[in-house]
Amino acid sequence: MGSPAVALAVSRRLEAFAEALESRGIDVPAAIGTGRLALLDAHESLERISGGGRLDAGRFRSVVGDVLDRATSAAPRGRPRIYGEIVDVLWGADHPEAAIELEGWWNELGDLRSFTLLCGYDMARFSRSTDADRFRAVCQGHSHVRPTERFPLGGPQDHLLREVVALQQRAQALEREIERREHAEAALRRAEEEVQRLRRSLETLPAPEISPGGSP
């Protein structure tokens, strides 16, 4: 392990990180003991940087700053590498604005401290059409964006271009489907309103008169 590393992730990911490092012959407990490695639970870290139920910028700088100080002291010549999933935890808890705010704090800290940051998001968080603008905001907050592991980054350039074109086609088809559904829903609402209007009109009509003999 050349540079110090910090992972702020959910427990299953931390376990996967530890296993991967151990498979490469790295003594994980020793690395944690010296400060060259920090495996921190994302949910617990979120609680530490929150105050009164809200994210606190001062607590964020203090908590992350302490981790970076220890990592830098353990390897003064190495540039700390950080993997963070707190933003994904926030998004999963339906707090997208807080996640975007936290991204901004990371960028501000990056202007003051030297480190490399990789933020991990589950693409399932952005499955609704209304997530498009927020998803763009997340992407714009990063200098590099990588697709999920299902997208083939390797291979010939023409293969990658074909994949991009296919994704564009699917996105366009989805947009058209959303438009058709919205038009259909609007037409249904208009029909329901017309039915209600006719029903009200019928209710205001006078009742028919019937003669005692049963003849009209």
Side-chain angles (χ1 to χ4, degrees), residues 1 3-72 74 79-110 113 115-128 130-131 134-151 153:
M1 231 176 89
S3 300
V6 177
L8 300 154
V10 295
S11 57
R12 67 178 182 280
R13 201 97 57 216
L14 295 178
E15 293 172 0
F17 286 152
E19 290 176 1
L21 292 172
E22 288 173 350
S23 68
R24 298 182 181 183
I26 295 174
D27 187 337
V28 172
I32 293 176
T34 61
R36 293 178 68 89
L37 174 65
L39 300 178
L40 307 175
D41 184 88
H43 291 91
E44 294 177 0
S45 299
L46 178 58
E47 291 181 2
R48 294 182 63 195
I49 65 174
S50 301
R54 295 178 57 85
L55 291 178
D56 186 286
R59 291 191 179 193
F60 167 78
R61 287 190 294 268
S62 175
V63 170
V64 177
D66 288 345
V67 175
L68 286 174
D69 286 341
R70 192 158 187 254
T72 302
R79 180 184 175 91
R81 292 176 293 179
I82 305 174
Y83 172 79
E85 285 185 346
I86 298 179
V87 285
D88 184 61
V89 170
L90 285 167
W91 207 286
D94 201 23
H95 298 300
E97 288 80 8
I100 294 173
E101 182 180 34
L102 184 58
E103 291 281 14
W105 293 351
W106 276 114
N107 290 334
E108 291 172 2
L109 188 62
R113 308 287 294 263
F115 59 86
T116 299
L117 173 66
L118 173 64
C119 294
Y121 282 92
D122 185 345
M123 281 298 292
R125 308 290 193 205
F126 311 98
S127 57
R128 299 172 300 185
T130 53
D131 293 327
R134 290 168 174 169
F135 180 69
R136 290 193 199 94
V138 169
C139 293
Q140 290 172 356
H142 296 79
S143 58
H144 297 82
V145 178
R146 293 175 66 87
T148 68
E149 65 277 5
R150 289 186 293 178
F151 187 82
L153 291 176

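All values derive from a computational prediction rather than experimental measurement.
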Verdict with supporting geometry, Leu90 and Leu55, side chain to side chain contact (heavy atoms under 4.5 Å, CB included)
CA-CA 10 Å; Leu90 285 167; Leu55 291 178; 3.9 Å; yes
Just how far is it from atom NE2 of His95 to atom CZ of Arg54, taken to the nearest 0.5 Å?
10.5 Å
Which pair of heavy atoms, one from Leu117 and one from Gly84, lies closest together, and at what distance?
CD1-N, 4.5 Å
Ignoring hydrogens and angles, tell me if any N or O in the side chain of Ser23 forms a donor-acceptor pair with the backbone of Ala20 under 3.5 Å.
yes
Is the Trp106 ring parallel, tilted or perpendicular to the Phe115 ring (thresholds 30°, 60°)?
perpendicular
Nearest heavy-atom approach of Glu103 to Cys119 is OE1-SG, 3.5 Å
Over all heavy atoms of both residues, which pair between Gly33 and Arg70 is shortest? Give the atoms and the distance, please.
O-NH2, 3.0 Å
Trp105 to Ala57 - nearest heavy-atom pair and separation:
CH2-N, 3.3 Å
Under 3.5 Å, which donor-acceptor pairs do the side chains of residues 39-52 form with other protein atoms, sequence neighbours left out?
residue : atom : partner : partner atom : Å
Asp41   : OD2  : His43   : N            : 2.9
Asp41   : OD2  : Glu44   : N            : 2.9
Ser45   : OG   : Asp41   : O            : 2.8
Ser50   : OG   : Leu46   : O            : 2.7

Within the 4.5 Å heavy-atom criterion, are Ile82 and Leu68 side-chain neighbours or not?
yes
Quick check: do Phe17 and Leu37 have side-chain heavy atoms less than 4.5 Å from each other?
no
Pro29 and Asp27: which non-hydrogen atoms are nearest, and at how many Å?
CD-OD1, 3.1 Å
Would you call Arg113 and Asp69 a side-chain contact if the rule is heavy atoms closer than 4.5 Å?
yes
Roughly how far, to the nearest 0.5 Å, is the CG atom of Leu118 from the CD atom of Glu85?
9.5 Å
